[in-house]
Amino acid sequence: MKRLRNIVSAFVIVLQIAGCAVYHPKPFSPEEKAAGFEKRTLDDPALRKFLEGHLGREITTWPPQSWDFTLLSLAALYYHPDLAVARAGEKGAKAAVITAGARPNPSLSVTPQFSANPPSDVSPWFLIAALDIPIETAGKRGYRLNRARYLARAASFETVATAWRVRGHVRKAMLGLSLARQEATLRGQETEELAELVSMVRQRAAAGEVAASEVLAAQVLLDRAELQLRGVQKREGEARVQVASAIGLPVGAFNKVAVSTETVEELPSPASFSVPDLRRRALLSRPDILAALAVYEAAESSLQLEIARQYPDINLLPGYTWDQGQNEWAFGVALTLPILNRNEGPIAEAEARRAQAEAAFVTLQGRIIGDIDRAAASFEAATQKLAAAESLLTTQKSHYQSAQAMYDAGEVDRVVLISARLDYVGSGLSRVSALSDAQEALGALEEALYYPLTPETPSAPHAPMVLENREEGR
């Protein structure tokens with residue numbers, strides 16, 4: 001019995017020495033999460049540290065007097081919940097690598113036995129202790145680790161892809177705000193000109209120079225312009241809400257922030273970059289392409305693992321028996337005999353998954369080619385339309401300036417001048433519409449390429465975007 005107690009005590013001590021993780025509860029309530037979201041601001045010191053780390057420079061004035069696209073897109077990488085979900089998935093995938101690399105633990109069994117009728121002067125107690133030490137064969141652990149590492153790599157690229165989507169949402173929202181501002185300015189000018197025109201037509205109608213119907217027609221134009229102005233002003237307010245949502249901020253934290261939309265208004269020339277070069281880069285280094293490639297490699301490792309499982313693992317079975325004062329030692333080996341099946345089913349499933357991953361990769365590449373070609377053609381057509389709108393604007397400006405000169409010389413009355421102004425404003429609205437189409441086409445092209453296109457964009461491919469995780473424990 002003393003020997004038994006010693007063995008059991010040693011076993012308990014070993015279990016106590018082995019470090020075990022301790023569960024720490026982390027309850028939360030929807031009310032607390034909502035309150036935390038409402039407290040988000042753009043003057044958070046932790047956000048400043050995050051921005052400085054990504055910009056590689058110190059921000060001297062905090063918070064900045066004006067937030068441009070670069071700053072707001074980085075703020076979105078810090079705040080947006082989609083990035084938090086992606087990072088959590090990436091963290092889980094990396095934890096799976098630890099799981100895949102874990103070696104199987106040995107097991108120990110201790111079986112005391114009692115004899116009901118032992119011979120005289122013989123202890124009625126027996127003790128049987130046995131170890132089961134599993135040994136994986138055929139490189140299974142290596143294949144399992146490779147699969148987990150490839151899936152972790154795929155999750156990492158998915159995080160980068162999520163960051164690009166968040167950036168695209170910020171750009172689209174800021175572009176909407178910019179266009180609404182420009183249109184609101186022009187609609188305001190149009191309303192002012194029409195209001196003056198209505199006043200002059202009323203005066204002429206009172207003098208009997210024009211019919212009352214012309215007053216009514218001018219008033220209809222003014223009412224329609226005011227209605228359009230109210231709609232644009234409403235859209236401008238909604239655009240600010242969309243920018244705040246794209247960043248991951250409550251609109252209350254964004255209302256008093258000065259936003260500069262100059263950078264998203266820049267439009268590169270189609271001749272300033274090489275679409276074939278950028279298409280080649282996208283087909284080789286887009287984050288979703290790299291993620292799909294990693295998924296294929298994981299499927300390849302899964303197939304290797306299932307093939308390796310044809311070969312049985314070995315279990316070493318050393319044992320000890322204390323029998324009536326005698327110490328008896330045993331050593332055994334156990335393995336599964338691959339007689340009834342050789343793992344054919346799981347191997348076939350793994351081959352099918354590998355074929356599926358290959359088909360998904362080819363499908364993704366084909367979709368990317370189509371998206372890039374379609375977006376490039378749309379962007380080229382939109383820039384041509386914008387060029388035509390700008391040419392019209394230039395012509396209308398010249399016409400307005402000519403009318404202004406004739407009015408100053410007394411050759412035409414003010415109605416002619418106002419009409420010229422209205423034509424000039426109308427051509428400005430046409431330009432804003434064409435600019436909107438061109439910017440949307442540019443955004444679609446950037447989304448297809450996963451590459452920012454600016455007037456300074458080089459045609460030579462760059463390395464894919466690298467996204468650093470925001471700091472934990474904000």
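Relative orientation of the Tyr320 and Trp329 rings is tilted, given thresholds of 30° and 60° on the angle between their planes.
Ile135 places none of its side-chain heavy atoms less than 4.5 Å from the side chain of Asn315. Between Leu47 and Tyr79 there is a side-chain heavy-atom pair separated by less than 4.5 Å. Leu293 has its side chain out of reach of Tyr150: every pair of non-hydrogen atoms, C-beta onward, lies at least 4.5 Å apart.
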Start with the C-alpha gap between Asp43 and Arg48, add the side-chain angles, then the distance that decides, and say whether salt bridge (charged side-chain N to carboxylate O under 4.0 Å, His left out) holds.
CA-CA 7 Å; Asp43 58 2; Arg48 177 181 185 177; over 6 Å; no
Residue pair Thr159, Glu90: steps toward the side chain to side chain donor-acceptor pair (under 3.5 Å) verdict:
CA-CA 7 Å; Thr159 302; Glu90 183 180 353; 2.9 Å; yes
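Crowding of Glu262 atom CD: a count of heavy atoms from other residues, nucleotides or ligands under 6.0 Å not exceeding 12. Lys397 NZ: 12 or fewer foreign heavy atoms inside a 6.0 Å radius. With a 6.0 Å radius and a threshold of 12 heavy atoms from other residues, nucleotides or ligands, Phe28 has its CZ atom at or below the threshold.
Judged purely by distance below 3.5 Å, without hydrogens or angles, the side chains of Gln228 and Arg187 pair a donor atom with an acceptor atom. Inspection of the Arg153 and Ser156 side chains reveals no N or O donor paired with an N or O acceptor under 3.5 Å. Counted by atom type alone, Gln304 and Arg147 present zero donor-acceptor pairs between their side chains at under 3.5 Å. Residues Glu265 and Ser178 have side chains that bring a donor and an acceptor to within less than 3.5 angstrom of each other.
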